[in-house]
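Heads up, the thing below is written out as structure tokens.
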Amino acid sequence: MCASVKYGSRGPALIPRMKTKHRIYYITLFSVVLLGLIATGMFQFWPHSIESSAEWSLDRRSVHDAPLVRIPMSSPIPERGDLSCRMHTCFDVYRCGYNPKNKIKVFIYPLQRFVDEVGVPISSTGLSREYNDLLSAISDSDFYTDDVTRACLFIPSIDVLNQNSLRIRETAQALAMLPRWDKGMNHLLFNMLPGGPPDYNTALDVPRDRALLAGGGFSTWTYRQGYDVSIPVYSPLSAEVDLPERQPGPRRYFILSSQTAIHREYRVELERLKEENGEALLLLDKCSNLSQDLASVRKRCYKGQVYDYPQILQESSFCVVLRGARLGQATLSDVLQAGCVPVIMADSYILPFSEVLDWKRASVVIPEEKLPEMYTILKSIPHRQVEEMQRQARWFWEAYFSSMKAIGMTTLQIINDRIYPYAARTYEEWNNPSVVKWSSVNSPLFLPLIPPRSPGFTAVVLTYDRIESLFRVITEISKVPSLAKLLVVWNNQNKSPPEAIDGLSLDQTHMVERSECINKFASVFGTMPLKVVEHRADPVLYKDDFPEKLKSFPNIGSL
């Protein structure tokens, strides 16, 4: 039998035609699905970062729009701050975990307005422009995450850059109210102007439990080495004044002093040096004949003559940076920007980022009591070395001082290097410009003074049964600063190794004595001639009764 086939005007009707309304419905559905797939693909491959989507700019996210949080008077206050805190005691590295990029993840708390029970804010200024710039830079960086569960480090949106604007007790209570505070564990606070009259403490007075502090005025008494980070005091002039880079070399003045609020004793001594050395030294002060407005901040005077500041700094080879009421001075940043070698006289001051920066390459540090000898000390520095220092000073400013972003990123990188030491930057990466434009950058005048942090070396100790000798060897090896790991291979299968003991108790004064000895040696020699070297030490088993040919270990391989 043959099946009958109906023919229409457009050929054989193999499939019944859809009704018009059904056809429109399916076409619309297909179009919606197709557009959804296209949009999803564009979202996945468009160059952007989900994690950096938080917006911190005051133009888009005003502090006045932030939720209001009242602080009960009975709210707990954090402890003053543990001076014994170190990364292995007050920081939970397990929060950071392992990631292929060896980058810590930083979470910024949402912006909130904290007030006391009667509605008075904890800060007289709220969120400063500088702190807003800092948070914006972090939120746009690879460090940032908006997933609090992935965070290794937490940064409050509470601005404590300037202690003068804070109510100490209420600010501390606000910190303790943060949901992840946990006695400050893994929290980072930024402060540039610590202390207040009359004492001017060199660290933030706000009680902060175990929080890390990136501070702009640390002394050796308040700085927790390897835990806190010493940062510069940001100079607003960095953003307002463009100082073009000047070629290194002799300048109009040999020494210049531009600070306006230095102690009377220092001023008298500088005036004496001016009398002795004449035009080689320019001693500037505040302009008394100008109206005290914002414009006067950028002026300095000497005997009625007015100079533009900070432009005048570029006319001197050396620029004096004396301590004021606070150890940290914004003048240091201005001097570096001008390519003038800073002469720093602030006893016990922890220089910014000194954990990684070799300041001997960019500055001259003189004890305050040596101020009368300053001219003689600086004259003894060779011209070639002065030029190298001028270049390095300018580069330090460009890389680490020039903006709140530069300061914030440097701080986080230092903390990152502590947590991932095997991926840390080298001495050269921290201290050498990325593009070398001069051939003498590796001059022996500037041999590295900071031991390499990464990767260090692993010591392998082979032993059989001599416990006393083993502990003596471990004690001596453990004193080496660049030791990363010590591995003991116990070869006696018939006897268990000795029980482990919190590490051998070392003489805590050893490092101080060693540093004093090295500094004395360098001062007598006139420079630092020592070099950082890698050395392999093979075991010799000098006390074991073995045939002589077995003591050669010709095939032991690299340790």
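Residues Ile366 and Val343 form a side-chain contact, since some pair of their non-hydrogen atoms from C-beta on lies under 4.5 Å apart. Two residues are said to be in side-chain contact when any heavy atoms from C-beta on lie closer than 4.5 Å; Pro342 and Cys319 fail this criterion. Side-chain atoms of Met87 and Leu212, non-hydrogen and from C-beta on, do get closer than 4.5 Å to each other. Using a 4.5 Å cut-off on side-chain heavy atoms (C-beta onward), Ile414 and Trp430 make contact. Side-chain contact check for Leu243 versus Leu313: every heavy-atom pair is 4.5 Å or farther apart. Side-chain contact between Cys96 and Phe91 is present, with at least one heavy-atom pair separated by less than 4.5 Å. You'll find the side chain of Glu355 stays beyond 4.5 Å of the side chain of Ser230, heavy atoms only. Here the side chains of Gln413 and Val356 are not in contact, with every heavy-atom distance at 4.5 Å or above.
A donor-acceptor distance shorter than 3.5 angstrom exists from the side chain of Tyr227 to the backbone of Cys90, with no hydrogens or angles considered. The backbone N or O of Asp205 sits less than 3.5 Å from a side-chain atom of Gln163, completing a donor-acceptor pair. Side-chain N or O atoms of Thr89 include none that pairs as donor or acceptor with a backbone N or O of Cys85 at under 3.5 Å. A distance-only check finds no donor-acceptor pair linking the side chain of Arg394 to the backbone of Gln247 [under 3.5 Å]. Formation of a donor-acceptor pair under 3.5 Å by the Arg300 side chain with backbone atoms of Ser258 is found in this model. Judged by distance alone, the side chain of Gln337 and the main-chain N or O of Val241 form a donor-acceptor pair under 3.5 Å. Trp359 places no side-chain N or O within 3.5 Å of a backbone atom of Phe353 that could act as its donor or acceptor partner. Under the 3.5 Å distance criterion, the side-chain polar atoms of Ser354 are left unmatched by any main-chain donor or acceptor of Ile350. In this structure, Lys286 contributes its side chain and Val297 its backbone to no donor-acceptor pair below 3.5 Å. Although no hydrogens or angles enter the test, the distance criterion places a donor-acceptor pair under 3.5 Å between the side chain of Asp228 and the main chain of Arg224.
Taking a 6.0 Å sphere around CD of Glu265, one finds it holds 12 or fewer heavy atoms contributed by other residues, nucleotides or ligands. Counting non-hydrogen atoms of neighbouring residues, nucleotides and ligands closer than 6.0 angstrom, the NZ atom of Lys405 reaches no more than 12 such neighbours.
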- Would you check, one step at a time, whether the test side-chain contact (heavy atoms from CB on, under 4.5 Å) holds for Cys340 with Tyr253? CA-CA 11 Å; Cys340 183; Tyr253 304 104; over 6 Å; no

- Passes salt bridge (charged side-chain N to carboxylate O under 4.0 Å, His left out), Arg246 versus Glu315? Steps please. CA-CA 10 Å; Arg246 183 167 176 175; Glu315 301 298 324; 3.2 Å; yes

- Task: Apply side-chain contact (heavy atoms from CB on, under 4.5 Å) to the pair Met404 and Asn132, showing each step before the final yes or no.
- Result: CA-CA 9 Å; Met404 291 301 296; Asn132 175 72; over 6 Å; no

- Task: Would you check, one step at a time, whether the test salt bridge (charged side-chain N to carboxylate O under 4.0 Å, His left out) holds for Arg272 with Glu269?
- Result: CA-CA 5 Å; Arg272 188 189 65 79; Glu269 191 57 46; 2.5 Å; yes

- Apply side-chain contact (heavy atoms from CB on, under 4.5 Å) to the pair Ile138 and Leu412, showing each step before the final yes or no. CA-CA 9 Å; Ile138 295 174; Leu412 294 182; 4.0 Å; yes

- Item | Stepwise side-chain contact (heavy atoms from CB on, under 4.5 Å) test for Ser402 and Ser238 | CA-CA 6 Å; Ser402 58; Ser238 298; 5.6 Å; no

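Shortest non-hydrogen contact noted between Leu357 and Pro352 is CD1-O, 4.1 Å. Of all the heavy atoms in Ser257 and Leu270, the pair that sits closest is OG-CD1, 3.6 Å. Between Ala330 and Tyr234 the shortest heavy-atom distance is CB-O, 4.1 Å. Counting all heavy atoms, side chain and backbone alike, Tyr349 lies closest to Ile344 at CD2-CG2, 4.5 Å. Residues Ala424 and Glu429 approach most closely at O-OE1, 4.3 Å, considering heavy atoms. In plain terms, the two heavy atoms of Tyr309 and Leu237 that are nearest each other are CE2-CD1, 3.6 Å.
To the nearest 0.5 Å, the span separating CG on Leu483 from OG1 on Thr458 amounts to 7.5 Å. From Asp308, atom CG reaches atom CD1 of Ile312 across 8.5 Å, with rounding to the nearest 0.5 Å. Atom CH2 of Trp395 sits about 12.5 Å away from atom CD of Glu245, to the nearest 0.5 Å. Put simply, CZ on Phe318 and CD1 on Ile255 are 7.5 Å apart, with the number rounded to the nearest 0.5 Å. To the nearest 0.5 Å, atom CG of residue Leu153 and atom CG of residue Leu188 are 5.0 Å apart. Within the model, atoms CG of Leu127 and OG of Ser157 stand 7.5 Å from one another, a figure rounded to the nearest 0.5 Å.
For the pairing with Arg323, the side chain to side chain donor-acceptor pair (under 3.5 Å) check across Gln259, Glu368, His263, Gln329 returns one residue only, Glu368. Partner of Ser219 under the side chain to side chain donor-acceptor pair (under 3.5 Å) criterion, out of Asn201, Asp347, Thr202: Thr202 alone.
A salt bridge between Arg384 and Glu387 is absent, with no side-chain N of the basic residue lying under 4.0 Å from a carboxylate O of the acidic one. A salt bridge between Asp285 and Arg267 is present, with a side-chain N of the basic residue lying under 4.0 Å from a carboxylate O of the acidic one.
No side-chain N or O of Tyr223 forms a donor-acceptor pair with one of Gln225 less than 3.5 Å apart.
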